[in-house]
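See structure below.
Every chain is numbered from 1, with letters handed out A, B, ... down the list of sequences. The model shown is predicted, which means the values in this text are computed figures rather than measured ones.
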There are 2 protein chains.
Amino acid sequence: MPSQPDSIDSTPFLARSSRRGTERVTMEEVARYAQVSASSVSLFLRHPERVSAKLAPRIAAAIKDLNYVPNLLAGSLAAAHTRAVAVIVPSLANAFFAATVSAMQRVLEQNGYQLLLGDSGYDIRKEQELAQTFLAWSPAALVLTGLHHSAACRQLLTQARLPVAEMWELGPQPFDLQVGFSHRAVGETLARHLYLRGRRRLAFVGAKLGQDYRAAQRAQGCRDFLQQVDAEPLLVIDLPDAATPVGGAMALRELLAQHQQVDGICCSNDVLALGMLFEAQRLGIEIPRQLAVVGFGDLPYAQVAQPGLTTARPPSAAIGEKVIEHLLTQVAATEVHRQAVQLDLGFELIERASS
Amino acid sequence: MPSQPDSIDSTPFLARSSRRGTERVTMEEVARYAQVSASSVSLFLRHPERVSAKLAPRIAAAIKDLNYVPNLLAGSLAAAHTRAVAVIVPSLANAFFAATVSAMQRVLEQNGYQLLLGDSGYDIRKEQELAQTFLAWSPAALVLTGLHHSAACRQLLTQARLPVAEMWELGPQPFDLQVGFSHRAVGETLARHLYLRGRRRLAFVGAKLGQDYRAAQRAQGCRDFLQQVDAEPLLVIDLPDAATPVGGAMALRELLAQHQQVDGICCSNDVLALGMLFEAQRLGIEIPRQLAVVGFGDLPYAQVAQPGLTTARPPSAAIGEKVIEHLLTQVAATEVHRQAVQLDLGFELIERASS
DNA sequence: TTGTAGGCGTTATCAC
DNA sequence: GTGATAACGCCTACAA
């Protein structure tokens with residue numbers, strides 16, 4: 001047995017055993033290059049100020065020279081936590097959620113976090129699957145849209161020890177955070193608005209109300225208000241397909257054909273309302289004289305539409321920001337005893353010419 | 001005290017050393033519960049058919065009972081590859097990219113992959129930062145939007161051994177995959193369309209053309225065509241802010257005020273065009289009689305707009321699908337010698353009443 | 001088919 | 001402040 005055991009297997013590069021590595025530059029190599037230990041490199045990466053002024057520049061140079069990119073997988077495994085937040089939205093194609101996700105991405109990035117994105121397609125089951133998959137990545141936190149989740153999903157997330165947020169809706173039994181506003185109040189506000197403008201026979205046009213719980217709540221808000229003032233009951237039209245301007249146009253035709261007495265329409269969102277505006281124009285219906293139309297979302301075109309579209313503006317971007325801000329706070333907080341927070345960001349009635 | 005040796009060190013749970021774990025159920029625990037070895041559980045998870053009919057159900061039950069969620073971090077580290085694909089888009093708020101990302105998410109999920117999303121805000125530098133961060137997660141592949149990247153970014157991605165795709169644009173020096181179409185051709189097609197309809201004084205209205213290279217190429221396509229047929233040179237208006245309907249409306253007013261002779265406008269996209277349509281209506285300009293307007297994107301409202309908006313339809317969703325499909329193929333292929341692929345998905349001219 | 005023994009690249013602990 | 005050393009949870013030859 002020789003005195004320098006190292007020389008025996010002095011072909012360490014060939015001897016890389018059977019195991020294939022990533023072939024990437026590793027922290028070990030950076031350490032060798034900088035003539036320091038791996039621990040120092042690690043420390044430098046996480047707390048640069050704690051490393052001496054002597055080593056620091058050497059390490060920095062080595063990292064630069066070798067073009068070192070730390071392996072977050074290994075780091076996260078060792079540290080037992082990641083800098084990633086998983087987000088599940090019902091539909092990315094929906095401008096509302098796109099705006100929220102965009103805002104989240106911005107704030108996350110500012111804090112050195114990554115965004116894991118999932119699209120549930122308004123499907124509770126798929127949401128659960130996505131949540132499970134995400135959990136396997138050990139994200140620092142998870143964000144769901146809405147309050148309706150499968151029982152299995154609720155259980156899964158309760159067991160997992162990570163902060164869970166729900167957004168775009170408020171209600172009982174929050175996990176750790178809820179950021180949203182009252183859709184019911186939106187419906188009431190919109191109905192009241194139309195009522196005050198003298199409209200007495202209102203209709204609500206939505207799409208897939210069975211899946212879009214928030215839209216259904218807005219409809220309910222309308223209904224409640226009308227009942228409250230003892231007005232004609234709300235006429236509800238539920239389109240079978242996702243909300244599109246074409247759907248809105250069709251709905252208007254149908255409405256005019258079968259319920260001529262309607263004088264005010266509350267659309268599930270601006271997308272439908274836009275289609276109606278165009279269709280009304282085509283049919284020679286004067287808005288708002290003959291028919292008032294209001295929407296939801298205050299999408300970019302609501303302002304320039306002809307006539308301008310009265311609508312309720314949700315705090316799409318603010319929701320994203322607040323969710324992430326609070327979530328990151330909770331992540332930092334001691335894992336135990338973090339209080340559930342509920343944030344009502346409200347909404348804004350934007351009155352324009354369409355009503 | 002039972003005779004089982006297990007009882008000897010029966011405090012293994014306290015003995016968890018000083019190291020704090022995730023507190024999550026581990027594969028080891030599943031194995032103990034199912035009375036098998038950890039490797040059998042691992043095998044079962046990856047190749048259920050290769051495990052005997054005796055153990056399989058036991059393992060499955062254990063997983064279910066314990067509510068086991070595999071730790072992908074550990075798995076990926078060991079396997080030296082992940083089931084995640086990173087995607088960087090210029091703006092999620094843009095409906096085009098939202099559609100593409102949505103499609104990608106769908107296909108990825110079908111294949112058991114995860115989507116890592118980044119938003120560069122049309123900023124080359126931020127794109128590079130995002131790419132670097134993503135690389136730290138060792139994604140199986142990376143997707144960029146467009147062809148303009150910083151030199152550092154190009155180098156970073158060339159060094160990394162993962163398949164890199166560029167989308168929404170075609171050009172020289174592809175990494176491993178390019179999926180898109182010719183924006184120049186779009187511009188030419190649109191200009192020709194207007195020309196054939198008798199328009200002779202064309203304008204192109206865009207927003208931030210200095211950053212939106214693709215829109216700039218469409219403008220160039222228009223310009224080229226006009227030069228080709230020896231027509232009046234293209235009048236280009238470049239809005240300083242992101243494209244919005246409001247911007248489109250403003251642009252129209254400006255255009256009419258300063259260049260009354262313009263009889264055809266090619267908008268950078270449907271968003272601007274929509275604003276113009278409304279503004280024209282407001283100003284009493286007859287479209288298409290006095291002025292023809294065409295857009296790009298065929299967004300949902302183009303069809304119901306009044307008048308219907310002539311536009312070029314990009315293969316937004318198809319781009320997402322193809323990118324992922326090909327990328328996953330390349331991921332599976334032997335890491336060496338994977339050929340660069342270029343895919344021209346084309347576009348479609350949708351002729352409607354606005355021109 | 002099933003089990004055993006490293007090792008993946010990093011972080012965290014603890015002496016020095 | 002710096003550097004060994006032991007996890008982190010899983011995968012994968014390889015042996016049984």
Side-chain angles (χ1 to χ4, degrees), chain A residues 6 9 12-13 15-32 34-59 63 66 68-83 135-138 161, chain B residues 12 15-32 34-59 62-63 66 68-83 135-138 161:
Chain A
D6 283 48
D9 50 358
F13 297 93
R16 251 183 175 280
S17 98
S18 46
R19 220 86 162 80
R20 78 283 132 239
T22 330
E23 286 304 327
R24 268 176 21 180
V25 175
T26 142
M27 185 180 274
E28 190 76 35
E29 302 182 79
V30 173
R32 263 208 298 277
Q35 314 246 45
V36 299
S37 77
S39 315
S40 297
V41 177
S42 175
L43 192 64
F44 172 80
L45 250 26
R46 281 168 304 119
H47 306 285
E49 74 283 2
R50 284 197 210 164
V51 82
S52 71
K54 204 166 294 174
L55 294 199
R58 286 224 309 267
I59 299 178
I63 289 178
L66 266 41
Y68 171 64
V69 177
N71 185 332
L72 251 38
L73 253 32
S76 303
L77 176 60
H81 65 252
T82 57
R83 289 180 83 79
L135 248 33
W137 282 88
S138 316
R161 301 309 198 90
Chain B
R16 252 184 173 282
S17 99
S18 48
R19 220 88 160 75
R20 78 282 131 243
T22 330
E23 285 303 326
R24 269 180 17 185
V25 176
T26 148
M27 187 180 273
E28 190 76 33
E29 302 181 78
V30 174
R32 265 208 296 276
Q35 315 247 48
V36 300
S37 78
S39 51
S40 295
V41 178
S42 175
L43 193 64
F44 174 79
L45 251 26
R46 281 168 304 119
H47 307 284
E49 74 282 2
R50 284 198 208 162
V51 82
S52 70
K54 204 165 294 175
L55 294 198
R58 286 222 313 264
I59 298 178
I63 289 177
L66 265 40
Y68 171 65
V69 177
N71 185 332
L72 250 39
L73 255 32
S76 304
L77 178 59
H81 65 254
T82 58
R83 290 181 81 80
L135 248 32
W137 282 89
S138 317
R161 303 307 199 92

If you only use heavy atoms from C-beta on, which nucleotide in [options] is closest to the side chain of [X]?
{"X": "B/Tyr68", "options": "D/dC10, C/dT2, D/dC11", "answer": "D/dC10"}
{"X": "B/Val36", "options": "C/dG3, D/dT2, C/dG9", "answer": "C/dG3"}
{"X": "B/Ser37", "options": "D/dC11, C/dG3, C/dT10", "answer": "C/dG3"}
{"X": "B/Leu55", "options": "C/dT2, C/dA12, D/dC10", "answer": "C/dT2"}

I need the [atom1]-[atom2] distance between [X] and [N], as an integer number of Å.
{"X": "A/His81", "N": "D/dC8", "atom1": "NE2", "atom2": "C1'", "value": "12 Å"}
{"X": "A/Leu66", "N": "C/dG9", "atom1": "CG", "atom2": "C1'", "value": "15 Å"}
{"X": "A/Leu72", "N": "D/dC8", "atom1": "CG", "atom2": "C1'", "value": "15 Å"}
{"X": "A/Asn71", "N": "C/dG7", "atom1": "CG", "atom2": "P", "value": "18 Å"}
{"X": "A/Leu77", "N": "D/dA7", "atom1": "CG", "atom2": "P", "value": "14 Å"}
{"X": "A/Leu43", "N": "C/dG9", "atom1": "CG", "atom2": "P", "value": "21 Å"}
{"X": "A/Arg58", "N": "D/dT2", "atom1": "CZ", "atom2": "P", "value": "9 Å"}
{"X": "B/Met27", "N": "D/dA7", "atom1": "CE", "atom2": "P", "value": "20 Å"}

Margin query: Does any part of the side chain of B/Thr82, heavy atoms only, come nearer than 4.5 Å to the side chain of B/Leu72, both counted from C-beta?
Written below: no

Item checked: Close side-chain approach of A/Arg83 to A/Ser76, heavy-atom, < 4.5 Å -> no

So, does [X] get its side chain near the phosphate of [N], meaning an N or O under 4.0 Å from OP1 or OP2?
{"X": "A/Arg46", "N": "C/dA12", "answer": "yes"}
{"X": "A/Thr26", "N": "C/dG9", "answer": "no"}
{"X": "B/Ser40", "N": "C/dG3", "answer": "yes"}
{"X": "B/Ser52", "N": "C/dT1", "answer": "no"}

Margin query: So which atom in B/Ser37 and which in B/Ala31 form the shortest heavy-atom distance, rounded to 0.1 Å?
Written below: C-CB, 3.6 Å

Next item on the list: Might you point out which heavy atoms bring B/Arg24 and A/Ser138 nearest each other, and give the distance in Å?
Entry: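 The answer is NH1-OG, 3.2 Å.
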
Next item on the list: Take A/Val36 and A/Val41 through the test side-chain contact (heavy atoms from CB on, under 4.5 Å) and record every step on the way to the result.
Entry: CA-CA 8 Å; A/Val36 299; A/Val41 177; 3.8 Å; yes

Margin query: Quick check on DNA chain D: between A/Ala53 and B/Leu45, whose nearest nucleotide comes earlier from the 5' end?
Written below: A/Ala53

Checklist line | Residue whose closest nucleotide on DNA chain D lies nearer the 5' end, A/Arg50 versus B/Val69 | finding: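 Per heavy-atom nearest nucleotide, the more 5' residue is A/Arg50.
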
Notebook entry, point to check: Under 4.0 angstrom, heavy atoms only, what part of the nucleic acid is A/Leu73 near: base, sugar-phosphate, or nothing?
Noted result: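 No contact at all - A/Leu73 keeps every heavy atom at 4.0 Å or more from the nucleic acid.
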
Notebook entry, point to check: Got a donor-acceptor pair under 3.5 Å from the side chain of A/Ser39 to the base of D/dA4?
Noted result: yes

